[in-house]
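Below is one structure; the comments refer to it alone.
In this text the structure is predicted, and so the values were computed from the model without any measurement. Computed over heavy atoms, backbone and side chain alike; hydrogens, waters and symmetry mates excluded.
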Amino acid sequence: MEINKAIKERWSPKAFSEKQVSENMINLLFEAARRAPSARNEQPWQYYFVHRKNNKVFGDILKLLTGINPEWAKESQVFIISVMKKNYDYKNRPNGKALHDIGAANVSIAIQAAEMGLQVHQMGGFDKEKTSEYLKLGSENFEPVTVFAVGFPDNVREHTEDLIQRKKQSQSRKELIEFVFELK
Ligand SMILES: Cc1cc2nc3c(=O)[nH]c(=O)nc-3n(C[C@H](O)[C@H](O)[C@H](O)COP(=O)(O)O)c2cc1C
């Protein structure tokens, strides 16, 4: 037995190629999110996306990113914004598992992307308030969680700075012994 190939090959690139991402691929990313498990089957997520060919909106989302994120994310082909619904439909009570569940859906997207030769790079570094305004979420019940940069990794630069970075990151993973404990 081996670890799932897409899980093994998933990573967060900072260099993307000019190759376009098809509508079908984008739909499959959201289909993967759709199948994620969630508490009470609430599915407390929403996704907003834009292609880079929509210059105006792509540029607007780019401006919402903070730190050095815009410098590399500007090369991606698609942006996806994940938005969490904080309260259960049932009696509008706080859903303590919402962040967990949108995380599960987001990882499903990342794994489906890797399965198709694509990669995503999620970012927490963006202005949440401005993003809520931009998306006209208009309610305390919805909160943007991450912005995804989506695209095919740039194979040339992947073999230089990104590969070195990737190697460093994978080497920095904790060992199982550090976070897995068998109960006896
Ligand atoms: C919720 C979340 C927020 C993140 N925010 C950023 C970010 O703002 N900028 C960035 O460059 N990477 C960001 N990352 C990517 C992580 O740094 C990356 O997943 C981690 O270093 C492991 O590398 P890998 O995804 O290539 O395995 C984020 C990842 C997650 C899951």
Side-chain angles (χ1 to χ4, degrees), residues 3-14 16 21-52 54 57-58 60-62 64-66 69 73 76-153 166 169-170 173-174 179:
I3 190 153
N4 174 282
K5 194 165 169 279
I7 290 178
K8 196 172 167 190
E9 290 180 357
R10 184 215 58 81
W11 65 294
S12 304
K14 282 188 170 164
F16 293 97
V21 179
S22 68
E23 297 292 334
N24 185 34
M25 281 182 161
I26 294 172
N27 281 337
L28 288 170
L29 296 180
F30 296 128
E31 184 61 34
R34 181 171 173 254
R35 289 165 186 256
S38 62
R40 300 179 75 109
N41 198 21
E42 178 78 20
Q43 304 161 61
W45 46 72
Q46 288 185 347
Y47 292 95
Y48 296 77
F49 75 99
V50 61
H51 280 273
R52 72 173 300 118
N54 183 344
V57 178
F58 189 88
D60 289 345
I61 305 303
L62 189 63
L64 297 170
L65 305 180
T66 54
N69 288 335
S76 60
Q77 291 295 320
V78 176
F79 283 136
I80 299 174
I81 306 170
S82 64
V83 173
M84 164 176 73
K85 181 163 165 279
K86 297 197 282 187
N87 292 343
Y88 283 115
D89 277 340
Y90 180 69
K91 292 190 177 171
N92 207 32
R93 287 189 178 143
N95 177 356
K97 296 289 182 278
L99 188 57
H100 170 280
D101 293 348
I102 195 169
N106 288 349
V107 169
S108 298
I109 288 178
I111 293 169
Q112 178 63 29
E115 174 69 25
M116 301 187 294
L118 273 175
Q119 294 292 349
V120 305
H121 191 146
Q122 282 194 83
M123 293 165 276
F126 68 99
D127 189 318
K128 274 193 184 181
E129 235 166 75
K130 285 187 189 160
T131 303
S132 296
E133 280 169 31
Y134 188 84
L135 299 177
K136 299 190 178 70
L137 295 178
S139 155
E140 290 289 296
N141 196 9
F142 291 92
E143 181 180 319
V145 175
T146 53
V147 180
F148 292 65
V150 184
F152 291 91
R166 179 182 172 188
Q169 281 172 346
S170 61
R173 288 298 203 263
K174 290 178 183 172
F179 66 95

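The 12-atom threshold is not exceeded at NZ of Lys97, counting heavy atoms of other residues, nucleotides or ligands nearer than 6.0 Å. In the displayed structure, Glu129 atom CD is contacted under 6.0 Å by at most 12 heavy atoms of other residues, nucleotides or ligands. The 12-atom threshold is exceeded at NZ of Lys128, counting heavy atoms of other residues, nucleotides or ligands nearer than 6.0 Å.
In terms of modelled atom types and a separation under 3.5 Å, the side chain of Glu133 and the main chain of Thr131 share no donor-acceptor contact. Looking at Asn141, its side chain does come within 3.5 Å of a backbone N or O of Asn87 through a donor-acceptor pair. Although no hydrogens or angles enter the test, the distance criterion places a donor-acceptor pair under 3.5 Å between the side chain of Gln119 and the main chain of Glu9. For the pair Arg52 (side chain) and Phe58 (backbone), a donor-acceptor distance under 3.5 Å is absent. For Ser82 (side chain) and Thr146 (main-chain N/O), a donor-acceptor pair under 3.5 Å exists by modelled atom type. Using modelled atom types, one side-chain atom of Glu42 and one backbone atom of Asp89 make a donor-acceptor pair closer than 3.5 Å.
No side-chain donor-acceptor contact under 3.5 Å links Asn95 and Tyr90.
Under the side-chain contact (heavy atoms from CB on, under 4.5 Å) test applied with Val147, the options Leu62, Ile81, Asn69 reduce to a single match, Ile81.
At a threshold of 4.5 Å between non-hydrogen side-chain atoms, the residues Val57 and Tyr134 count as touching. The side-chain heavy atoms of Lys85 and Gln43, taken from C-beta on, include no pair separated by under 4.5 Å. Residues Asn106 and Trp45 have side chains not in contact (no heavy-atom distance under 4.5 Å, counting atoms from C-beta outward).
Atom CD of Glu140 sits about 8.5 Å away from atom OG of Ser132, to the nearest 0.5 Å. In this structure, the separation between CG on Leu137 and CD on Gln46 is 7.0 Å, given to the nearest 0.5 Å. With rounding to the nearest 0.5 Å, the separation of CZ in Phe49 from CG in Asn27 is 7.0 Å. The structure places CZ of Arg10 at 9.5 Å from NE2 of His121, a figure rounded to the nearest 0.5 Å. Note that CD of Glu143 and NZ of Lys86 are 4.5 Å apart. Values are rounded to the nearest 0.5 Å. Residue Leu118 holds its CG atom at 4.0 Å from CZ of Phe152, rounded to the nearest 0.5 Å.
Considering all non-hydrogen atoms of both residues, Leu65 and Ala73 come closest at CD1-CB, 3.6 Å. When every heavy atom of Ala39 is checked against every heavy atom of Tyr88, the shortest pair comes out as CB-OH, 3.8 Å. Nearest heavy-atom pair across Tyr47 and Ala33 is CE1-CB, 3.8 Å. Across all non-hydrogen atoms, the minimal contact from Phe142 to Val83 is CB-CG1, 3.9 Å. For the residue pair Leu28 and Gln112, the shortest heavy atom distance occurs at O-CG, 3.6 Å. For the pair Thr66 and Asp127, the tightest heavy-atom approach, listed with the atom from each and the gap, is CG2-N, 4.0 Å.
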Step-by-step side-chain contact (heavy atoms from CB on, under 4.5 Å) determination, Ile80 to Phe30 | CA-CA 10 Å; Ile80 299 174; Phe30 296 128; 3.8 Å; yes

For Leu29 and Met116, what are the C-alpha separation, side-chain angles and deciding distance, and is it a side-chain contact (heavy atoms from CB on, under 4.5 Å)?
-> CA-CA 10 Å; Leu29 296 180; Met116 301 187 294; 3.7 Å; yes

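Between Glu31 and Arg34, at least one side-chain nitrogen of the basic residue sits less than 4.0 Å from a carboxylate oxygen of the acidic one, meeting the salt-bridge criterion.
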